[in-house]
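The shown structure was predicted, so the numbers you read here are calculated from the model rather than taken from an experiment.
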Amino acid sequence: MSDTPLGRFSWHELMTTNVDAARDFYTKITGWGTSMWDGGEKPYEMWMNGEMPVGGLMDLPSADVPPCWLAYISTPDRDETLKKVKDLGGAVHGEMAVPEVGRFAVIADPQGGVIAVLEPEGDTPGHDGPPELGQFSWHELATTDADAAWAFYSEVFGWEAAERMDMGDMGFYQTFGRGARPLGGIFNGPPEMPAVGWLLYVRVEDVNAAVESVKAAGGRILNGPMEVPGGDVIAQCMDPQGVAFAVHATARDEDEEA
């Protein structure tokens with residue numbers, strides 16, 4: 001019986017049109033370094049938060065894939081998870097395996113949101129404690145049918161419903177987690193939303209400083225900085241290659257900075 005947890009956000013991969021430019025940009029915003037892993041068929045570059053890998057960086061695998069951040073969710077049984085995805089109206093876009101690492105698959109929910117699953121061979125990446133500085137701290141899905149999306153993901157990954165916040169004309173913002181650990185939210189995006197998709201948040205010490213670094217490094221600010229319920233501060237951004245991401249400081253970070 002595998003001890004891999006179901007539903008943990010375990011890896012975060014940037015697929016981009018310019019690896020060198022992306023490396024230069026994100027290291028300035030997040031404080032990450034990079035390291036090469038040579039255990040596969042070809043070298044793979046990893047984002048390093050100190051001594052801890054938090055994700056990967058790679059060229060776009062094909063012209064059909066848009067530049068994006070792709071989140072990986074752990075499962076003890078990839079095949080069973082993919083069967084459930086298909087039974088619930090989702091799609092499987094690709095499967096692969098890397099010796100000594102694990103088996104992967106890219107999936108789409110019924111509304112078109114894309115995410116990946118990982119059945120690791122060894123220890124499951126990530127952890128279930130509070131996110132530290134430089135780690136991914138929130139995962140947010142903007143979709144066309146939040147209730148249907150929530151029904152899909154909660155069934156596939158066993159996520160638990162948390163607070164449900166009324167957003168007026170936009171409907172509800174459904175937060176979710178694993179046990180006591182909050183993981184993210186799902187909501188109906190605005191009509192002008194370019195596509196259904198996941199937005200990944202990185203915890204930083206100072207959102208205002210991160211915003212200035214984004215602008216200085218050639219990125220754009222899409223929304224914020226702004227305070228959200230509970231006192232945390234966020235800003236939604238776009239890197240120079242057109243990939244959206246967000247930065248997040250906890251209320252404690254903001255209090256210490258002040």
Side-chain angles (χ1 to χ4, degrees), residues 1-17 37 39-42 44 46 55-126 136 139-160 174 176 178 183-189 193-200 243-245:
M1 181 71 179
S2 172
D3 59 0
T4 296
L6 175 65
R8 176 191 291 174
F9 282 95
S10 294
W11 196 251
H12 304 80
E13 188 171 69
L14 176 64
M15 295 186 285
T16 181
T17 55
W37 179 73
E41 292 183 1
K42 60 181 181 179
Y44 179 76
M46 300 184 298
L57 168 63
M58 62 183 290
D59 290 309
L60 289 179
S62 75
D64 298 330
V65 178
C68 65
W69 275 102
L70 180 65
Y72 287 72
I73 305 170
S74 65
T75 174
D77 187 333
R78 185 194 68 171
D79 295 339
E80 178 62 29
T81 295
L82 297 187
K83 180 179 183 303
K84 192 170 288 187
V85 166
K86 295 174 184 176
D87 288 346
L88 293 170
V92 177
H93 289 325
E95 303 175 39
M96 67 174 295
V98 177
E100 301 182 16
V101 176
R103 302 197 303 154
F104 310 85
V106 177
I107 67 168
D109 64 42
Q111 288 70 49
V114 175
I115 207 159
V117 298
L118 161 65
E119 179 189 340
E121 278 196 22
D123 293 338
T124 305
F136 289 86
H139 304 78
E140 187 174 78
L141 176 65
T143 184
T144 54
D145 188 336
D147 289 340
W150 168 241
F152 173 84
Y153 284 102
S154 59
E155 180 67 22
V156 172
F157 296 115
W159 292 336
E160 301 162 13
Q174 177 66 62
F176 62 89
R178 294 183 67 247
L183 295 176
I186 296 176
F187 72 105
N188 288 324
M193 177 175 66
V196 170
W198 286 91
L199 181 67
L200 312 186
V243 180
F245 70 102

Under the side-chain contact (heavy atoms from CB on, under 4.5 Å) rule, what do L82 and V117 come out as? Steps first, then yes or no, please. CA-CA 9 Å; L82 297 187; V117 298; 4.0 Å; yes
Could you go step by step and tell me if F104 and E95 meet the side-chain contact (heavy atoms from CB on, under 4.5 Å) rule? CA-CA 6 Å; F104 310 85; E95 303 175 39; over 6 Å; no
Intermediate values then yes/no, side-chain contact (heavy atoms from CB on, under 4.5 Å), V85 and F157: CA-CA 10 Å; V85 166; F157 296 115; 5.7 Å; no
Show your working on salt bridge (Lys or Arg N to Asp or Glu O under 4.0 Å) between K83 and D87 and close with a plain yes or no. CA-CA 6 Å; K83 180 179 183 303; D87 288 346; 2.9 Å; yes
For salt bridge (Lys or Arg N to Asp or Glu O under 4.0 Å), just list the numbers for R103 and E121, CA-CA rounded to whole Å, side-chain angles, deciding distance to a tenth of an Å, and then say yes or no. CA-CA 8 Å; R103 302 197 303 154; E121 278 196 22; over 6 Å; no
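The shortest non-hydrogen separation linking A71 to I115 is O-CG1, 3.2 Å. Of all the heavy atoms in G113 and V196, the pair that sits closest is N-CG1, 3.4 Å. When all heavy atoms are compared, the tightest approach of P67 to T17 is CG-CG2, 3.8 Å. Shortest non-hydrogen contact noted between R178 and G7 is CD-O, 3.0 Å. What you find for T143 and A149 is that their closest heavy atoms are CG2-CB, 4.0 Å. Shown here for V114 and W198, the closest heavy-atom pair between the two residues is O-CD1, 3.4 Å.
Taking the six-membered ring where the residue is Trp, F176 and W159 present parallel rings, their angle staying beneath 30° rather than reaching 60°. Using the six-membered ring where Trp is involved, F9 and H139 have ring planes that are parallel, under 30° apart on the 30 and 60° scheme.
Under the 3.5 Å distance criterion, the side-chain polar atoms of D109 are left unmatched by any main-chain donor or acceptor of G90. A donor-acceptor distance shorter than 3.5 angstrom exists from the side chain of S10 to the backbone of P125, with no hydrogens or angles considered. Side chain of S74 to main chain of R8: a donor-acceptor pair is present (N/O by atom type, distance under 3.5 Å, no hydrogens or angles).
Counting non-hydrogen atoms of other residues, nucleotides and ligands closer than 6.0 Å to CG of D123 gives a total of 12 or fewer.
Here the CG atom belonging to D147 is positioned 10.0 Å from the CD1 atom belonging to I186, to the nearest 0.5 angstrom. Rounding to the nearest 0.5 Å places CG of N188 at 9.5 Å from CD of Q111. Rounding to the nearest 0.5 angstrom, the gap separating the CZ atom in R78 from the OG1 atom in T75 is 10.0 Å. H12 NE2 to L70 CG: the interatomic distance, rounded to the nearest 0.5 Å, is 9.5 Å. Separating the CD atom in E119 from the CD1 atom in I73 is a distance of 14.5 Å, to the nearest 0.5 Å. To the nearest 0.5 Å, atom NZ of residue K84 and atom NZ of residue K86 are 14.5 Å apart.
Contact of the L88 side chain with the V156 side chain is registered, since non-hydrogen atoms from C-beta on lie closer than 4.5 Å. With a 4.5 Å cut-off on side-chain heavy atoms, Y44 and L57 do not count as touching. Using a 4.5 Å heavy-atom cutoff, the side chains of M46 and W11 are in contact. Between L6 and P76, some side-chain heavy-atom pair lies under the 4.5 Å cut-off. Residues L60 and T16 form no side-chain contact, since every pair of their non-hydrogen atoms from C-beta on lies 4.5 Å or further apart. Counting heavy atoms from C-beta on, the side chains of M15 and V65 come closer than 4.5 Å.
Checked against a 6.0 Å centroid threshold, the rings of W69 and F245 do not count as neighbours.
Side-chain contact annotation: Y153 with Q174, donor-acceptor N/O pair under 3.5 Å absent.
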